[in-house]
Protein chains: 2
Amino acid sequence: MKKTIFVFSVLILLLLVLFQIGEYAFLMGDTSIEFIIGIIALVFLGIGLYINRSRVTSDSSGKTGIDLKKIKDLGISEREYQVLLEISNGLSNKEIGDKLYISESTIKTHVSNLLVKLDAKRRTHAIQKAKELQIIAG
Amino acid sequence: MKKTIFVFSVLILLLLVLFQIGEYAFLMGDTSIEFIIGIIALVFLGIGLYINRSRVTSDSSGKTGIDLKKIKDLGISEREYQVLLEISNGLSNKEIGDKLYISESTIKTHVSNLLVKLDAKRRTHAIQKAKELQIIAG
DNA sequence: ATCATTTTAGTACTTTAGTATGAGACCTAA
DNA sequence: TTAGGTCTCATACTAAAGTACTAAAATGAT
């Protein structure tokens with residue numbers, strides 16, 4: 001919200017500045033009206049593109065982006081998160097162990113801990129929960 | 001691609017039209033330069049917003065849309081697809097059976113068939129594959 | 001009505017997943 | 001140095017998942 005207000009304030013200021021430049025250049029007569037209009041058009045086209053880009057960025061970070069803070073809040077450790085990612089990739093405990101060079105037993109421990117921390121009954125449930133919590137890509 | 005070319009053509013045409021209007025209004029002296037600049041700024045701001053909006057829209061429909069045709073191509077039946085959806089919701093075979101009012105044995109049959117059709121080793125793998133194939137929401 | 005497909009369900013079995021518990025190794029902050 | 005957390009691994013167990021069949025009932029199109 002604060003960001004939006006800031007952006008619009010800057011926008012209005014820029015508009016006023018452009019008014020001044022436009023008037024000044026017009027009065028001096030050393031610049032064609034086409035040039036001024038072209039500059040203004042380009043600037044605002046850029047502004048329009050930028051505003052939506054930032055909107056999209058904030059949207060995607062809010063919808064598909066990964067919430068690192070939430071991972072910590074849930075008490076999920078680095079290793080556990082790695083395991084979670086491999087689970088969502090469809091790997092078995094054995095395969096995850098081979099990939100991370102640790103035993104299947106250790107993976108089972110990590111998975112059990114993950115299920116508790118994500119309040120999930122199964123690994124498929126954990127995937128669904130993790131997506132809901134936006135801690136893994138969907 | 002064709003759409004992009006069309007959009008930019010319209011953009012250039014609009015720019016030329018605005019040049020003419022600007023020059024005309026300027027010569028007639030019945031419109032202030034601020035007004036013209038304001039209009040142009042607004043128009044191009046709108047254009048900038050529109051261009052990014054359409055880009056986002058096409059992106060999301062291409063990434064989150066469900067490909068019904070692909071489901072048929074894979075030979076996945078209606079019932080099997082229902083089971084697939086419940087798997088991705090994190091339910092167990094027993095829970096899916098209860099929800100669809102059929103036995104767990106039947107769910108197992110459906111799941112086995114799904115794994116073959118999706119070329120998956122496990123149900124978690126099936127979820128990942130189904131998302132990759134854009135058969136389920138991700 | 002017949003053929004093909006789907007849906008349903010079962011048995012018997014193997015494999016994978018998950019729980020509970022204990023314990024050693026490691027690192028870091030108090 | 002000790003306390004807390006993470007990471008590791010193991011054993012023993014229960015539960016769930018998955019495979020490989022077989023087969024009956026329902027559905028739907030020709």
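Residue numbers start from 1 in every chain, and the chains themselves are labelled A, B, ... in the order their sequence lines are given, proteins ahead of strands.
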A.B. asks: Please report, rounded to the nearest Å, how far the C1' atom of C/dT16 is from the CG atom of A/Asn93.
C.D. replies: 8 Å

A.B. asks: Between D/dT22 atom C1' and B/Asn113 atom CG, what is the distance in whole Å?
C.D. replies: 14 Å

A.B. asks: Rounded to whole Å, how long is the line connecting atom CD1 of A/Ile76 with atom P of D/dG5?
C.D. replies: 16 Å

A.B. asks: Does B/Ser105 or B/Glu80 map to a spot on DNA chain C nearer the 5' end, using the closest nucleotide for each?
C.D. replies: B/Glu80

A.B. asks: Taking only side-chain nitrogens and oxygens of B/Arg123, does any of them come within less than 4.0 Å of OP1 or OP2 of D/dG18?
C.D. replies: yes

A.B. asks: Just the rounded figure in Å: distance from C1' of C/dT16 to NZ of A/Lys121.
C.D. replies: 20 Å

A.B. asks: Between atom CD1 in A/Ile127 and atom P in C/dA17, what is the gap in whole Å?
C.D. replies: 11 Å

A.B. asks: Does C/dT8 have OP1 or OP2 under 4.0 Å away from a side-chain N or O of B/His110?
C.D. replies: yes

A.B. asks: How about A/Val111 and A/Leu115: do any of their side-chain heavy atoms sit closer than 4.5 Å?
C.D. replies: yes

A.B. asks: Write down the distance between CG (A/Leu115) and C1' (C/dA20), rounded to a whole number of angstrom.
C.D. replies: 14 Å

A.B. asks: Over how many whole Å does the gap from A/Glu104 atom CD to D/dA12 atom P extend?
C.D. replies: 16 Å

A.B. asks: Would you indicate which nucleotide in C/dA17, D/dA17, C/dG10 comes nearest to any side-chain atom of B/Lys108?
C.D. replies: D/dA17

A.B. asks: When you compare the side chain of B/Arg123 with that of A/Arg123, does any pair of heavy atoms fall below 4.5 Å?
C.D. replies: no

A.B. asks: C/dG10 phosphate, OP1 or OP2: any side-chain N/O from B/Ser103 under 4.0 angstrom?
C.D. replies: yes

A.B. asks: Do B/Gln82 and B/Glu86 get their side chains close enough for a donor-acceptor pair, meaning under 3.5 Å?
C.D. replies: no

A.B. asks: Respond yes when some side-chain nitrogen or oxygen of A/Ser92 is under 4.0 Å from OP1 or OP2 of C/dT16, and no when none is.
C.D. replies: no

A.B. asks: Testing the 3.5 Å rule here: is there a donor-acceptor pair between the side chains of A/Thr109 and A/Ser112?
C.D. replies: no

A.B. asks: May I ask you to evaluate whether B/Arg79 reaches the phosphate of C/dT7, defined as a side-chain N or O under 4.0 Å from OP1 or OP2?
C.D. replies: no

A.B. asks: On the nucleotide C/dT19, are OP1 or OP2 found under 4.0 Å from the side-chain N or O atoms that A/Ser112 carries?
C.D. replies: yes

A.B. asks: Using whole Å, report how far CG of A/Leu114 lies from C1' of D/dT6.
C.D. replies: 13 Å

A.B. asks: On DNA chain C, check which nucleotide each of B/Thr124 and B/Ile102 is closest to and give me the residue with the more 5' one.
C.D. replies: B/Ile102

A.B. asks: Give me the atom names and distance for the closest heavy-atom approach of A/Leu114 to A/Glu80.
C.D. replies: CD1-O, 3.3 Å

A.B. asks: Look at all strands and tell whether A/Thr106 reaches a base, only sugar-phosphate, or nothing, counting heavy atoms closer than 4.0 Å.
C.D. replies: base

